[in-house]
Number of protein chains: 2
Amino acid sequence: MAVSQTGRSGCPINLTLEQLGDRWSLIVIRDVMFGNRRSYGELLAQSEEGIASNILADRLKRLTASGLLSRRPDPKHRQKGIYSLTEASIQLVPLLAHMGAWGRRHTRPSKELSVRAELLEKGGAPLWNAFMDELRHLHLGASRPARSVFGELQAAYEKALAHRAR
Amino acid sequence: MAVSQTGRSGCPINLTLEQLGDRWSLIVIRDVMFGNRRSYGELLAQSEEGIASNILADRLKRLTASGLLSRRPDPKHRQKGIYSLTEASIQLVPLLAHMGAWGRRHTRPSKELSVRAELLEKGGAPLWNAFMDELRHLHLGASRPARSVFGELQAAYEKALAHRAR
DNA sequence: CACACCACTTGCGGATTGCAAGTGGTCTGA
DNA sequence: TCAGACCACTTGCAATCCGCAAGTGGTGTG
């Protein structure tokens, strides 16, 4: 519990990398967080990145085991699970916001997919906190906050999509 | 140049992950940034995490190719290269600071190695900016700033080490 | 109750990783 | 000047990880 399994150091940056430093873990968290995809099927079918089904199953298992996601059975479909963010993964919001901001500056992102990152960057810490409060409502059962950052991000994204489609 | 080679999406978070989402790239950047290790040998020998020599060589090559490090020959040793951060990797400071902050909260880091992360977290954006200015001095030849965040971080780390050793 | 559906697994070929040993250019000192 | 130490980096190999496609078995439905 206290010691890493990989024989690497106790540096907090390293330990974070050991949990999240692969190509898919943060993609899954991103889709749950910003896309509100809550089940295996939604995550698989609507994936922008085309994640393979076995990798998705493996990551859901690992992220659940390490406390970044929680899983509860779907009352409507006994076989199905509903995945939720935990407080730990909700606190990744600033990290993902910074990743988006860096990617916007130093890679060649598509315009539509940059809109959310841009809003998050411009909104800064106050917006992140409002978003985190909303995620606590959506995933942890906290009370609904006044502001829906999720809706704002989604609306901006859809507006960009429509603008592109014209 | 504009399009990713992996067939994944143009989401800025994804593109950032494609460059940095592996177990070693950010470790190398961390060591150059916070440990001021500037050559292959320093990075290999003093690595806390025990990176393998071929992996290190590969990452230095990839990071240089993608513009996150630059390499110039060492005037003292013709064979040797001196690696420097670029503006792009200097702008990873907030990301690494957040990773450290998250790791401090949600993993079990060692006390000594957490000291820097704690300072960076408490200092917030003003400290990050001062540190980035200093990195521009150390790596890009900009003028020396008044404040040495690097020295502060190092002193705090060594103090923690001494405290532990008593 | 047959059938479609869906969450998840399995098999397999190819890429990546880690380790240990090797290679060849570069500096040093007698 | 040249033998030997040193050092940046490569190579070989085994183990693991990854991506793809097909399969499996539980679950809902008409």
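By convention in this document, chain letters (A, B, ...) are assigned in the order of the sequence lines, proteins followed by strands, and residues within each chain are numbered from 1.
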Under 3.5 Å, is there a donor-acceptor pair linking the side chains of A:Y83 and A:R38?
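Side chains of A:Y83 and A:R38: no pair found under 3.5 Å.
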B:W24 side chain near C:dG18 phosphate (N/O to OP1/OP2, under 4.0 Å)
yes
Using the rule given for side-chain contact (heavy atoms from CB on, under 4.5 Å), can you reason through B:D22 versus A:D22, listing the C-alpha separation, both sets of side-chain angles and the distance that settles it, and then say yes or no?
CA-CA 5 Å; B:D22 73 270; A:D22 72 270; over 6 Å; no
Whole-Å gap separating [atom2] ([N]) and [atom1] ([X]):
X	N	atom1	atom2	result
A:Y40	D:dG25	OH	C1'	14 Å
A:R37	C:dA7	CZ	C1'	18 Å
B:L17	D:dC18	CG	P	14 Å
A:L56	D:dC20	CG	P	14 Å
A:D58	D:dC17	CG	C1'	10 Å
B:E18	C:dA15	CD	C1'	16 Å
B:I27	C:dG18	CD1	P	11 Å
B:E42	D:dC6	CD	P	17 Å

Do you know which two heavy atoms are closest between A:H139 and A:S84, and how far apart they sit?
ND1-CA, 3.4 Å
Please pick, from [options], the nucleotide with the shortest atom-to-atom distance to any side-chain atom of [X].
X	options	answer
A:N54	D:dA22, D:dG19, D:dA8	D:dG19
B:I55	D:dC9, C:dG18, C:dT10	C:dG18
A:A52	C:dA21, D:dA8, D:dG19	D:dG19

Are B:L56 and B:W24 grouped together when hydrophobic residues (ILVMFWY) are joined by side-chain heavy atoms under 4.5 angstrom apart?
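Yes, B:L56 and B:W24 fall within the same hydrophobic cluster.
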Below 30° counts as parallel, above 60° as perpendicular, anything between as tilted: where do the rings of A:F131 and A:F34 land?
parallel
Within the distance-only criterion (no hydrogens, no angle test), does the side chain of B:N129 pair as donor or acceptor with the backbone N or O of B:A125 below 3.5 angstrom?
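Yes: the side chain of B:N129 pairs with the backbone of B:A125.
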DNA chain D contacts made by residues 59-73 of chain B, counting heavy atoms under 4.0 Å:
B:K61, B:R71
Between the side chains of B:D133 and B:R136, is the shortest nitrogen-to-carboxylate-oxygen separation below 4.0 Å, so that they form an ion pair?
yes
